[in-house]
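Let me begin by presenting the structure, written as structure tokens, before commenting on it.
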Amino acid sequence: MENREIACLLAETADLMEVAAEDSFRIRSYRNAASVIESYPERIEDVARDPERKLTGIPGVGKTIAAVIADILERGSFSKRDELLQKYHPGALELLKIQGLGPKSIALLIEHYDVRTLDDLERICREQKLRQLPRMGAKLEEKVLRGIEQFRSSAGRFLLSFATGLARELIEYLAATPGVECVQAAGSLRRGRETVGDLDLLVTGRDPAAALDRFTCYSRVHDVLGKGANKASARVGLEGMQVDVRALPAESYGAALQYFTGSKDHNVALRQRALRLGCSLSEYGLFRLDESRVAGASEPEIYEKLGLAWIAPELRENQGEIEAAAQGRLPALIDLQDIRGDLHMHTRETDGRATLEEMAAECKALGYEYLAITDHSKALAMANGLDETRAVEFARRVREINRNGLGIRVFSGLECDILRDGRMDLAGDALAELDFVIGSVHSHMNLEPAEMTSRLLRALECPHLKLIGHPTGRLLLHREPYPFDFERVATEAGRRGVMLEINASPERLDLYAPLLRTAKAKDVKFVIATDAHHPAHLRNMIYGVTMARRGWLTKDDVLNTLPLAQFAAAIAAK
DNA sequence: GCCGTTTTCGGCCCGACTGTTTTCAGTCG
């Protein structure tokens, strides 16, 4: 069993314990164990099976949780979870995901109305019965209905990082099938969409159909939805993501890859172009009207025969990429290898899980030349944010560290809260001590658009500000961006030389393509950064780079592609 | 439930907003 699956069982048990109003510290222990296990560098199952080692050696895992893990590995559950699921319908886990409802309210709803599912909850709200419960009213009913709607619209979609991990796992497994030479993901995953609905895997080789049998026998395949000679569909893993595997002959593999990568709009435009050239394009190939084959085995060949440069999948949204490819003016998109430093990360000083030294060592291992440590400021009290004194002391400590040298340059930074009125959370003279100040909104996210716009415009006036962090505040599948006049803010940022962040955290991926193109047109420069709270998160950089590519950005648009000396000069000059 | 001892029990992130109250519980970050 994978670490993620063990962590998921612990976390959902913690959720149910919350509804049962159990001791909050005990709940936190389960949550903490879940998060430690999820990011543990080795497979927990291997550790558990090794007689030389003990699970209790893992921080956050004591005797009880070690026994729980043993139970999970043996039978997929444990007694505490069984008891809670006996008491509460599994639907209670879904109810907890609705914004505005917490464990207390859900316990009350179950007690009074026997609410078990989202449908039950929706009915209670529509019948105006929620407001009859103590401390609940009409506004909450509306908020919950909105929450249900948002939850439903995001249900069945998965984060890009999740889909990437699942694709990697399945590709590795299927590629080991005799007779299979190539397995590749297509669809929105290949285009780098922020969320992915289902996974399309394409297989070719001497005997691609062999992969279909192997797929439906995979240990994590639960529910086979269909299987024919050329295609098999099934749900995989606890999360039940739908995966389609298609077996293809080599001569049409490129055409199928092109077709199943999409987007639909891009493909429609491409087929129209083929028709104008006297051809027809389908998933089987590019053909003349007499049905003789022009191309099909490889994707570049198809684009070439259509008079186009090969178009990177991230651009295939019919947003002008076909015209650009025809005129030879596609941008040279940024690559992961262009990134020379990460500029947004947290440590144990606030809500991170590792020390400055550990984060720096990982950055060095990734081949970076520099990093900025950017812990939270004091407005984020729950994260133990830095006040002026601690910030100045931190800047001094970083100067000291750089004198001794860690083999990588460290910049002293701060992720400073932008307060409700647009002022910075820390005083200017403290901010002046730091190399790299990010301004971020973490509170009052439901202001009127005009008020949010002026808040951000005022923040841009701060002379020490280098970067606006996660500029729209969205959390994928969870919270919409806060509304404001993006174009105005981008224009002002461009004018003042304040950069905008492409936050590579898979839950954020903010900014995203249309906004990036708007901002680029306003001469904005960008930073791609991971917002890492753990050394493992530093590897999320690729998702930020993917967003940048979707926004047509080149190396020159992104400041942290600069070599150290030029980067240092650039942020000092601002 | 975990951790770290001041070794066997006490401490474990906290402040603000919201909608509902009429003095605050619940939620969120």
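Below, read A as the first sequence line, B as the second, and so on, with proteins coming before strands; counting in each chain starts at 1. Keep in mind that the numbers below use all heavy atoms, side chains included, and drop hydrogens, waters and symmetry copies.
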Touch check for L380(A), heavy atoms < 4.0 angstrom, all strands: base, sugar-phosphate only, or nothing?
-> nothing
Span that lies between the P atom of dG11(B) and that of dT5(B), in whole angstrom | 16 Å
Length of the CE-C1' vector between M445(A) and dC17(B), whole Å | 13 Å
Take the angle between the ring planes of H534(A) and H537(A) and call it parallel below 30°, perpendicular above 60°, tilted in between.
-> tilted
Answer yes or no: does atom CZ of R43(A) have more than 12 heavy-atom neighbours from other residues, nucleotides or ligands under 6.0 Å?
-> yes
Would you say H444(A) reaches dC17(B)'s phosphate, i.e. side-chain N/O to OP1/OP2 under 4.0 Å?
-> yes
Please work out whether dT8(B) sits syn or anti, treating a glycosidic angle within 90° of 0 as syn.
-> syn
Anything under 30° is parallel, anything over 60° is perpendicular, the rest tilted; go ahead and classify F567(A) against F436(A).
-> tilted
Nucleotide nearest S105(A) (side chain, heavy atoms from C-beta), chosen from dG1(B), dT27(B), dG29(B) | dT27(B)
Determine the Euclidean distance between corresponding P atoms of dC9(B) and dC14(B); express it in Å to zero decimal places.
-> 25 Å
Short side-chain N/O contact to dT20(B) OP1/OP2 from R135(A), under 4.0 Å | no
Give the nucleotide from the list dG1(B), dT20(B), dG29(B) with an atom nearest to the side chain of S29(A).
-> dG1(B)
For dG1(B) versus dT7(B), give the span between their P atoms, rounded off to a whole number of Å.
-> 24 Å
dG29(B) to dC13(B) separation - C1' atoms, rounded to the nearest Å = 12 Å
Please report, rounded to the nearest Å, how far the C1' atom of dG1(B) is from the CD1 atom of I27(A).
-> 11 Å
Closest to side chain of N446(A), choosing from dG1(B), dG29(B), dT18(B) = dT18(B)
NA contact type, R479(A), heavy-atom cut-off 4.0 Å: base, sugar-phosphate, or nothing?
-> sugar-phosphate
Do other residues, nucleotides or ligands put more than 12 heavy atoms under 6.0 Å from the CZ atom of R168(A)?
-> no
Contact class for K63(A) (heavy atom, under 4.0 Å): base, sugar-phosphate, or nothing?
-> sugar-phosphate
Indicate whether the side chain of H346(A) and that of D531(A) have a donor and an acceptor atom separated by less than 3.5 Å.
-> yes
Integer-rounded Å distance: dC28(B) P and L101(A) CG = 8 Å
What interatomic distance, in whole Å, is found between P of dC17(B) and the corresponding atom of dC12(B)?
-> 25 Å
Residue matched to dT8(B) through Watson-Crick or wobble contacts both under 3.5 angstrom = none
Side chain of T64(A): nearest nucleotide among dC2(B), dT27(B), dG29(B)?
-> dC2(B)
Scan side-chain atoms only and decide if R157(A) and T195(A) contain a donor-acceptor pair under the 3.5 Å cut-off.
-> yes
Could you tell me how the ring of F411(A) sits relative to the ring of Y370(A): parallel (under 30°), tilted (30 to 60°) or perpendicular (over 60°)?
-> perpendicular
Contact class for P59(A) (heavy atom, under 4.0 Å): base, sugar-phosphate, or nothing?
-> sugar-phosphate
Interatomic distance, K139(A) NZ vs dT21(B) C1' [rounded to whole Å] = 14 Å
Check every strand shown and say whether A138(A) touches a base, only sugar-phosphate, or nothing at a heavy-atom separation below 4.0 Å.
-> sugar-phosphate
Euclidean distance, atom NZ of residue K104(A) to atom C1' of dT18(B) [Å, nearest integer] | 16 Å
Basic-acidic side-chain contact under 4.0 Å: E141(A), K129(A) = no
Taken to the nearest whole Å, CG/L55(A) to P/dC2(B) is 12 Å
Residue met sooner reading DNA chain B from 5', once S443(A) and Y30(A) are mapped to nucleotides = Y30(A)
Separation of atom CZ in R131(A) from atom P in dT21(B), rounded to whole Å = 12 Å
Dump every N/O contact between nucleotides 12-15 of chain B and the protein below 3.5 Å, one line per pair.
{"from": "dC12(B)", "atom 1": "O3'", "to": "R28(A)", "atom 2": "NH1", "distance (Å)": "3.3"}
{"from": "dC13(B)", "atom 1": "OP1", "to": "R28(A)", "atom 2": "NH1", "distance (Å)": "2.5"}
{"from": "dC13(B)", "atom 1": "O2", "to": "M382(A)", "atom 2": "O", "distance (Å)": "2.1"}

Atom P, compared across dT22(B) and dG15(B): separation rounded to whole Å = 27 Å
State, without any angle test, whether D71(A) and S77(A) hold a side-chain donor-acceptor pair at a distance under 3.5 Å.
-> no
Rounded to whole Å, CG of L140(A) lies from P of dT18(B) at a distance of 14 Å
